[in-house]
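First up is the structure itself, then whatever we jot down about it.
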Amino acid sequence: MGIKITLSLLIISFTGIINYNSDQKLEMLNNFLVDAGKQKIWIGNLTTKNLEEFASGMYTEIDGSVIIENYDGLNLILLKTLQKCAGNIEIGNNENLESLKGLENLLTVNGRFSILNNPELYNYCTLQKTLINKGIKGVEISKDIIEKWEVEDNGYNPSLMNLQNKNCSIPKLPDFCFSC
């Protein structure tokens, strides 16, 4: 008795290595994807310089980490299709970032979730839709999940408990000059 494998493949453009694994995923390495069911998987880390390419490719998963640094945007709308991240999410040193809008479809983060040094970031409400209400990795908030949440030196620095209790944003207060 033999094994019959039927494979259909659509490649628009590609330079790199093709990998077929036992999970029946056909992947293209070097930050590209062919097909893995209905999901589109970005292989490797996603950085600020790749955001436009990620958005235009309608990727839903990242087999790597998300590293958004020195980004000029006000929100993360270019990540609106992201559902799963196999690694860490690191959002830091973004002078203009005001909200996490764009992460509303994020369901799973397997690593750390760090949001650091974003002085204009006061709104985390996007995370409440699924990630916070269901928990990181789809489980209730527990000690190890709380240890993966790192939020410091932003306009607002909510705890996971703040987000669960719907304290997801605060108004930005105007700058006051007391020595003027």
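Given the structure is predicted, the values throughout are model-derived calculations rather than measurements. Just so it is clear, the values below take in all heavy atoms, side chains as well, and ignore hydrogens, waters and symmetry mates. All residue numbers refer to positions in the sequence shown, counting from 1.
- Between the CE atom of M161 and the CG atom of N167 there is a distance of 11.0 Å, given to the nearest 0.5 Å.
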| field | Residues L82, W42; criterion side chain to side chain contact (heavy atoms under 4.5 Å, CB included); working and verdict | value | CA-CA 10 Å; L82 180 60; W42 179 276; over 6 Å; no
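- In this structure, A55 and L78 approach most closely via the heavy-atom pair CB-O, 3.5 Å.
- Summarising the geometry, atom CD belonging to E61 is positioned 9.0 Å from atom CD1 belonging to I43; distances are rounded to the nearest 0.5 Å.
- Using a distance-only test at 3.5 Å, with no hydrogens or angles considered, no donor-acceptor pair links the side chain of N105 to the main chain of Q83.
- Using a 4.5 Å cut-off on side-chain heavy atoms (C-beta onward), E120 and E95 make no contact.
- A chain of hydrophobic side-chain contacts below 4.5 Å, direct or via other Ile, Leu, Val, Met, Phe, Trp or Tyr residues, connects L127 to I170.
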| task | Apply side chain to side chain contact (heavy atoms under 4.5 Å, CB included) to I89 and L106, showing your working. | result | CA-CA 11 Å; I89 292 188; L106 184 60; 3.6 Å; yes
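- Using modelled atom types, no side-chain atom of K172 and backbone atom of Y122 make a donor-acceptor pair closer than 3.5 Å.
- Separation of atoms CG (N70) and NZ (K49) is listed at 13.5 Å; rounding is to 0.5 Å.
- Of all heavy-atom pairs spanning G57 and K40, the tightest one is O-NZ, 2.6 Å.
- Proximity of a side-chain donor or acceptor of N50 to a complementary backbone N or O of L46 within less than 3.5 Å is not detected.
- N154 places no side-chain N or O within donor-acceptor distance of the main-chain N or O of L121, the cut-off being under 3.5 Å.
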| field | Derivation of the side chain to side chain contact (heavy atoms under 4.5 Å, CB included) call for N162 and Y124 | value | CA-CA 10 Å; N162 288 134; Y124 296 74; over 6 Å; no
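- The structure places CG of L163 at 5.0 Å from CH2 of W149, a figure rounded to the nearest 0.5 Å.
- A continuous path of hydrophobic side-chain contacts links L103 to Y156 [ILVMFWY only; heavy atoms under 4.5 Å].
- Between C85 and V66, the closest heavy-atom pair is SG-CG2, 4.0 Å.
- Separating the CD1 atom in I91 from the CD1 atom in I67 is a distance of 11.5 Å, to the nearest 0.5 Å.
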| request: Report the C-alpha distance between I68 and N94 in whole Å, list the side-chain angles of each, state the deciding distance to 0.1 Å, and finish with yes or no for side chain to side chain contact (heavy atoms under 4.5 Å, CB included). | output: CA-CA 8 Å; I68 307 299; N94 302 293; 4.1 Å; yes
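- Looking at E53, its side chain never comes within 3.5 Å of a backbone N or O of L51 through a donor-acceptor pair.
- Taking 4.5 Å as the limit, some side-chain heavy atom of L100 sits within range of a side-chain heavy atom of I115.
- Among all heavy-atom pairs drawn from D72 and N96, the shortest one is O-ND2, 3.3 Å.
- The main-chain N or O of C125 is found under 3.5 Å from a side-chain atom of N123 such that the two form a donor-acceptor pair.
- T60 and Q39 share a donor-acceptor pair across their side chains, judged by distance under 3.5 Å alone.
- Residues R112 and E150 share a closest heavy-atom pair of NE-OE1, 4.4 Å.
- Taking the six-membered ring for Trp, F54 and Y59 have ring centres closer than 6.0 Å.
- Note that CD1 of I77 and NZ of K101 are 5.0 Å apart. Values are rounded to the nearest 0.5 Å.
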